[in-house]
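Single-structure report; data block below.
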Amino acid sequence: MSLSSEKDGESIEIKEKLPLLPLRDVVAFPHMTLPLLVGRLPSLNAIEEAMASDKVVFVCAQRKPQIGDPGKDDLHRVGTVVRVVQLLRHPDGTMRVLVEGIIRARVRKFSFSHSISYATISTIPDNYEKTLEIEALTRNAVSLFDEYVRLSRKVPEDVTMTLGSMTESDAIANTISSHLAIKVAQKQEILEIEDLNERLNHLVKLLASELEIVRLERKIEGQVKSQVHKNQKEFYLNEQLKAIRKELGHQNEFANEIDELSEAIKKARMPQDVHEKTVKEVDRLGKMAFMSPEATVVRNYIDWLVSLPWEIRTEDNPDIEQVAAILDEDHYGLTKVKERIVEHLAVLKLSKSLKGPILCFVGPPGVGKTSLGKSIARALGRKFVRMSLGGIRDEAEIRGHRRTYIGSLPGRIIQSIRKAGSKNPVFLLDEVDKIGIDFRGDPAAALLEVLDPEQNHTFNDHYLEVDFDLSEVMFITTANILQTIPPALQDRMETTRLPGYLEFEKRAIAKTFLVPKQLKANGLNPDDLEITTSALSSIATSYTKEAGVRNLEREIASIARKVARRKASGNFMKTRVTAKNVEKYLGVPKFISQGVEIRSRVGVATGLAWTEAGGDVLTVEVSILPGKGELFMTGKLGDVMRESGQAALSYARSRASMLGLDRWFYKDVDVHVHLPEGAIPKDGPSAGITMATALVSALTGIPTKQDVAMTGEITLRGNVLAVGGLNEKAVAAKRAGIRTIIIPKMNEKDIAELQPEVRNDLELIPIESMDEVLEIALDKREDKVQQPGKDSSTFLAHH
Ligand code: ADP
């Protein structure tokens, strides 16, 4: 039997029994060319046989590709009759053949043999009617396939071009089927569908589902790709997120902070304008970057505004008597000062305002100025703050720096007020006499504003910008000396002098206050250490030389420390420090008690000086040497003192005849004025009369009286002018054992200021002229006056 088939217009005879070529993993379709690699012997022989005749073989797919020698059950029953169009023999015996599908065929019978197999077939005709449905299905299939080609990228793009030129639905279906990247079994399934309509239908469905798969594949591919990008992107985003979180975290912190500030503002009880300003600043802060420098500046500023005691004040103790009692409790003596304080407070209480003058305690260091201030605060029940003005040269220290840089702060006044925590503290301004002036403004002027009741209720600190009311603050000032306090400030102050203590006072202060205080400070009981009165005396005179009691307290502290150390190390017995054993604790005495000069008093006079350390006794020595009329001055003298020396000499010259001196006496001599113990620089005019007295004594050979000291400025004509510090000088004189003090008449009014102990023991003689001084100070008794030649000095007087 022979079958015929149309192919490319030529009719081919197809034998019923054809050499069989099993295909492992492909399905051949009619109209399609297919390259095959042939290696198995029956297959090679099948090709050889076909080549020998009409080149036609029957190919059909194996059910399982791995089987090497398939039997009938291993092969599909529908296959394709193909013609070999090309053949290439490889040296190893295998062949590469290109076959072209002719027609499908169904196997009726296989006949297998070792060398060659055959299939007996019936061809399946391709006849079909070109219905609209077939046309529609075809187009559908083509368009799906186009899309499939585009997406799958597994099919060469030119296939679609080939398809475009095809008209036969049958051929189109076969082309599509053969190019689809589907399993062998699926292809076989298509091959086996005889009806074209049915086959196209199946194909369209398959294409649709394949397309879906491909689309999905692409999508997944896209996702995988984007995953890679995403990974990088994620890393980047994560980093950003971290940054954002951080920022958000701060934002929270920030929000909290703003809330807290708003809360604090509510509690701060600020004046209206300050409140508004603060709220505005908080708003501003809210809009700033949390960590920015300007936020820090604003934050600090708000902190300051919020923390000031705008409306916080303490209640004053109304009981003036109790105030007096507390002052007594804290301080020994100082009766006058305490009286002043109590009077001052009483006036304030009655007038219900602080517009009165400001108390200024003037005196040497360690006399209790600061501790009186503290005591006043305690007595009134007010807070206490202290600010030292020593060395302040810059106005900004008082008034603050403008808020232009991060470190700027309010001035020390506002800082102290914040420290006090109330708007009515006792505010001690220490060392007003040490305030300076330079190019950075005048701190004294700023201070004046602080102290002026007319101005200080709207004290304007440069940093705060808003006014603070200082009118309820009780200012107290202290100074060592009055002279250097700017006069405008002096005008505002009511000065009270604390001249220093006499030895018996020091003893008492030590016994009642300093010793108990130091015992406590060093963890000792009163039973552990006793410092006898004699020891205290000895400490006050031999270990300290001061008007106040600061060093005395220091020495006591030193003893207490030594005892505390012994107590801490066990085996300890009560310690008793006496005048005899005090050296064991404090070492050799630092000062020899100062007595009055015993040696010849010719050319020597005792003056009184007043330095920042208090009053002091000062000795002036004058020697007359052969020479040419020059004046030498030695010792640590200031310019004013040198001028006093000149004035003293001029006075002596103008009084030459009265003093019994040759008119030209000074021509043949040099005058040497010396002030020993020059460790403390001395200056000021008050040694004038002392120098003149010593000079006259040296010139005339008349000694000066031992127990007379003097203070006063001298004019060229021998008038005596007022001096300062009489109180301190008197205390120092008494301490040194002086009994008579010559003072300028102009200072007579100051005598009332002196403590009774001082006033009663001293004879104070006010004088107006140098002549009077000489009357009192020179010891003109015959036996005392030295004759020329008896001393090294040259006496010029003719007695
Ligand atoms: P100032 O301020 O005058 O330099 P302070 O007030 O610092 O001196 O006093 C120094 C020490 O001496 C303080 O411990 C103080 O309590 C004490 N003190 C001074 N005078 C007396 C006194 N009259 N009674 C008790 N203690 C005093």
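Indexing begins at 1, ligand by ligand and atom by atom, following the structure's order. Below, all heavy atoms of this structure are taken into account, side chains as well, without hydrogens, waters or symmetry copies.
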(request) Could you tell me whether the side chains of Ser307 and Arg418 share a donor-acceptor contact shorter than 3.5 Å? (result) yes
(request) Work out whether the distance between some heavy atom of Lys517 and some atom of ligand 1 is less than 4.0 Å. (result) yes
(request) Identify, by atom number and element, the atoms of ligand 1 in contact range of Ser371, meaning under 4.0 Å from any of its heavy atoms. (result) 6 (O), 15 (C), 16 (O)
(request) Could you please spell out the steps behind the salt bridge (charged side-chain N to carboxylate O under 4.0 Å, His left out) verdict for Arg382 and Asp316? (result) CA-CA 7 Å; Arg382 291 192 184 211; Asp316 276 357; 2.8 Å; yes
(message) Just to check, does Tyr501 reach to within less than 4.0 Å of ligand 1 when the distance is taken from its heavy atoms?
(response) yes
(request) Could you check which of Gly368, Ser375, Gly333 puts a non-hydrogen atom nearest to atom 5 (P) of ligand 1? (result) Gly368
(message) Please work out, at 4.0 Å between heavy atoms, whether the side chain, the backbone, both, or neither of Leu334 comes within that distance of ligand 1.
(response) side chain
(request) Take every heavy atom of Asp330, measure it against each atom of ligand 1, and state whether any distance is under 4.0 Å. (result) yes
(request) Specify side chain, backbone, both or neither for Arg550, according to which of its non-hydrogen atoms lie closer than 4.0 Å to ligand 1. (result) side chain
(message) Out of the candidates Leu334, Thr496, Ile476, Leu327, only one should pair with Ile341 under the side chain to side chain contact (heavy atoms under 4.5 Å, CB included) rule; please name it.
(response) Leu327
(message) Quick one about Ser537 and Glu503 (side-chain donor to acceptor, distance below 3.5 Å, no hydrogens or angles considered), yes or no?
(response) yes
(request) Check whether the side chains of Thr532 and Arg576 place a donor and an acceptor atom closer than 3.5 Å, and report yes or no. (result) no
(request) Using atom types as modelled and distance alone, determine if a side-chain donor or acceptor of Asn456 lies under 3.5 Å from a backbone N or O of Phe468. (result) no
(message) What verdict does the ring-ring contact (aromatic ring centres under 6.0 Å, His included) test give for Phe475 and Phe427, after you've listed the backbone C-alpha separation in whole Å, the side-chain angles of each residue and the deciding distance to 0.1 Å?
(response) CA-CA 5 Å; Phe475 287 104; Phe427 197 135; 5.2 Å; yes
(message) Can you report which non-hydrogen protein atom sits closest to atom 2 (O) of ligand 1, along with the distance?
(response) Thr370 OG1, 2.5 Å
(message) I'd like the name of whichever of Val367, Val337, Ile509 reaches closest to atom 27 (C) of ligand 1 through any heavy atom.
(response) Ile509
(request) Count the heavy atoms belonging to other residues, nucleotides or ligands that lie under 6.0 Å from CZ of Arg739, then report whether that count exceeds 12. (result) no
(request) Can you pull out the closest protein heavy atom to atom 10 (C) of ligand 1? Residue, atom name and distance to 0.1 Å, please. (result) Gly366 CA, 4.0 Å
(request) For Glu553, take its heavy atoms, then give the atoms of ligand 1 lying under 4.0 Å from any of them. (result) 11 (C), 12 (O), 13 (C), 14 (O)
(message) Is it true that Ser686 and Lys729 share a donor-acceptor pair across their side chains at a distance under 3.5 Å?
(response) yes
(message) Among all the protein's non-hydrogen atoms, which is closest to atom 24 (N) of ligand 1, and how far away is it?
(response) Tyr332 N, 2.9 Å
(message) Could you check whether any heavy atom of Pro365 sits closer than 4.0 Å to an atom of ligand 1, since that is the contact criterion I want to use?
(response) yes
(request) Can you figure out which of Leu428, Asp328, Val549 has its heavy atom closest to atom 17 (C) of ligand 1? (result) Val549
